[in-house]
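Heads up: the structure comes next, in structure tokens.
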There are 2 protein chains.
Amino acid sequence: MARRHDPGRRQRITDAAVRVLMERGIAGLSHRAVAAEADVPLGSTTYHFSSLDDLLLAALREVNDAWLTRLERWEAALRPGRPLAGELARFVEESVRDERPRVELEYELYFAGLRRPAVRPLAAFCLDEMAGVLRRRVPDDATARALVALLDGLLLQLVLTGRECDREQIREAFARLVPQDGTGSPPGPAAG
Amino acid sequence: MARRHDPGRRQRITDAAVRVLMERGIAGLSHRAVAAEADVPLGSTTYHFSSLDDLLLAALREVNDAWLTRLERWEAALRPGRPLAGELARFVEESVRDERPRVELEYELYFAGLRRPAVRPLAAFCLDEMAGVLRRRVPDDATARALVALLDGLLLQLVLTGRECDREQIREAFARLVPQDGTGSPPGPAAG
DNA sequence: GGCCGGAGTGTACGGACGTACGCATCGTTG
DNA sequence: CAACGATGCGTACGTCCGTACACTCCGGCC
């Protein structure tokens with residue numbers, strides 16, 4: 001064994017939980033599945049997390065962070081000259097092409113929030129953060145929230161129907177929501 | 001007992017399943033819960049439905065039908081003069097105000113579709129039908145699909161954050177997606 | 001060097017679940 | 001009226017789950 005005083009054990013369990021979620025979904029998350037995936041004894045998962053909900057929440061926070069980080073990176077890499085709508089369409093396309101499991105998991109998070117009071121704040125937080133990121137490129141909160149809604153709805157459609165992604169149509173839809181375009185309107189000249 | 005040859009028994013079980021789903025969500029659906037809710041013996045639920053997935057699917061079809069019917073009724077009641085965006089905003093507002101449990105359940109259906117192959121076609125069907133209904137009031141498929149995406153995204157946001165519904169903001173967002181407005185553009189003069 | 005406290009673990013318990021299957025029951029047929 | 005077949009039901013089995021808890025083991029302190 002020699003696993004005594006293993007720092008980062010908690011983190012390893014959380015990571016294993018994320019993998020379990022990715023493979024089996026929220027319904028498939030159990031102490032036993034996580035323990036096996038993390039290669040730790042069953043008791044270890046109940047020791048580090050006071051309940052299964054705790055474990056679920058920790059894992060979902062991880063998933064959520066990864067998702068928001070991806071969005072932040074996309075935002076940070078925006079070129080001033082390019083219209084925002086096209087870049088949003090690219091984000092959608094890349095999401096369903098390269099990160100489908102993560103997208104699916106992200107939406108499982110939302111839906112878990114529908115029923116589990118403990119998860120709901122996290123889902124709401126995610127929505128607000130996304131709006132906050134887009135807000136940097138758009139003149140008002142309402143537009144940012146509408147863009148988030150359209151983004152969520154489109155990703156959901158693409159993931160659920162498995163239909164191929166028509167980037168031009170998606171760009172057009174985003175373009176209608178963005179008032180004037182040129183990678184949005186940063187509040188200040190260089191404050192973006 | 002005297003329950004022999006009870007016609008509509010299957011339907012009663014399905015209805016009970018819908019109530020169970022409404023109260024406990026998909027994770028809470030079980031043969032036992034449904035049997036108790038429908039006041040039938042446990043064996044009856046396994047007799048009429050070959051598996052739990054069958055029962056879930058039947059119940060979700062019911063939920064789906066109710067949802068699409070609501071949308072159809074909304075569409076049928078549209079007045080020619082009124083702008084479509086405002087009517088869509090009204091639909092959103094009424095949905096979260098009066099039908100929140102049904103909305104939540106509808107999105108649980110989507111969620112179930114993410115993980116259960118048997119449910120996915122139903123979720124995809126629902127998305128297509130919604131687009132089909134909106135298509136009657138809008139000049140092209142792409143716009144209809146974008147409206148569905150925005151509708152889904154907005155409802156999701158409102159239900160998850162519990163934020164109050166700003167109807168004017170929502171109307172504005174829909175208005176940007178609808179090319180010109182006056183309750184859409186029916187293909188023919190009176191063709192509906 | 002020997003004890004002591006807490007960190008970590010293995011096991012066992014109680015309960016819920018899906019489903020298979022033998023049996024009761026009733027309409028039908030001769 | 002009697003027997004039979006299908007229709008419907010109650011029970012019981014095997015599995016998996018979350019969690020509690022007695023126990024082990026290691027690091028620090030006297």
Side-chain angles (χ1 to χ4, degrees), chain A residues 1-62 108 111-112 115-119, chain B residues 1-62 108 111-112 115-119:
Chain A
M1 284 295 145
R3 280 279 171 70
R4 292 324 181 95
H5 220 65
D6 175 5
R9 160 74 57 105
R10 197 186 143 97
Q11 184 60 46
R12 244 199 354 248
I13 292 175
T14 307
D15 293 346
V18 171
R19 289 196 296 277
V20 170
L21 282 179
M22 209 99 85
E23 281 162 28
R24 315 190 197 181
I26 288 177
L29 188 80
S30 73
H31 279 136
R32 282 168 176 82
V34 172
E37 176 70 31
D39 191 31
V40 299
L42 171 59
S44 192
T45 65
T46 71
Y47 176 76
H48 284 91
F49 297 89
S50 67
S51 79
L52 191 64
D53 258 20
D54 264 25
L55 179 50
L56 174 64
L57 211 60
L60 288 183
R61 252 192 282 268
E62 207 90 343
E108 278 208 86
F111 297 133
R115 285 290 165 185
R116 304 184 192 230
V119 178
Chain B
M1 284 294 145
R3 280 277 173 70
R4 291 325 182 92
H5 220 65
D6 176 5
R9 162 73 57 106
R10 198 187 142 96
Q11 184 59 46
R12 242 196 359 244
I13 292 175
T14 307
D15 293 345
V18 172
R19 288 196 298 276
V20 169
L21 283 178
M22 209 101 82
E23 281 162 28
R24 315 190 198 181
I26 289 177
L29 188 81
S30 73
H31 279 136
R32 283 168 176 81
V34 172
E37 175 71 31
D39 191 31
V40 299
L42 170 61
S44 191
T45 67
T46 72
Y47 175 77
H48 285 90
F49 296 89
S50 69
S51 79
L52 191 63
D53 258 20
D54 264 25
L55 179 49
L56 174 64
L57 210 62
L60 288 182
R61 250 191 282 267
E62 207 90 343
E108 277 207 87
F111 155 70
R115 285 289 165 185
R116 305 183 192 232
V119 177

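Every chain is numbered from 1 and lettered A, B, ... according to where its sequence line falls, protein lines coming before strand lines.
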Item to check | Under-4.0 Å side-chain N/O to phosphate OP1/OP2 contact, A:S44 with C:dG8 | outcome: no
Item to check | Pairs meeting criterion salt bridge (charged side-chain N to carboxylate O under 4.0 Å, His left out) with involvement of residues 42-60 of chain A, two or more places apart | outcome: A:D53-A:R116
Checklist entry - Atom CD1 of A:I13 to atom C1' of C:dA7: distance rounded to whole Å? => result 13 Å
Item to check | Pairing residues for A:A58 by the side-chain contact (heavy atoms from CB on, under 4.5 Å) criterion, not counting sequence neighbours | outcome: A:T14, A:F49
Item to check | A:R61 side, atom CZ; A:L56 side, atom CG - distance, nearest 0.5 Å | outcome: 10.0 Å
Item to check | A:H48 NE2 to C:dG6 P, straight-line distance once rounded to whole Å | outcome: 17 Å
Polar atoms only, N or O, under 3.5 Å: list the protein pairs with nucleotides 15-17 of chain C and their distances.
none

Checklist entry - CG of A:D39 versus P of C:dG10: gap in Å, rounded? => result 11 Å
Checklist outcome for this item: Sorted by chain and number, sequence neighbours left out, salt bridge (Lys or Arg N to Asp or Glu O under 4.0 Å) with A:R24 holds for none
Checklist entry - Mind checking what makes side-chain contact (heavy atoms from CB on, under 4.5 Å) contact with B:A16, not counting sequence neighbours? => result B:R19, B:V34, B:E37, B:A38
Item to check | With sequence neighbours excluded, residues passing side chain to side chain donor-acceptor pair (under 3.5 Å) with B:R115 | outcome: A:E108
Item to check | A:Y47 vs C:dG8: side-chain N/O to OP1/OP2 distance below 4.0 Å | outcome: yes
Next on the checklist: In whole Å, I'd like the distance from the CZ atom of A:F49 to the C1' atom of C:dG8.
Outcome noted: 15 Å
Checklist entry - Which listed nucleotide (C:dA20, C:dT9, D:dT19) is nearest to the side chain of B:T46? => result C:dA20
Checklist outcome for this item: B:L42 CG to C:dG18 C1', in whole Å, measures 9 Å
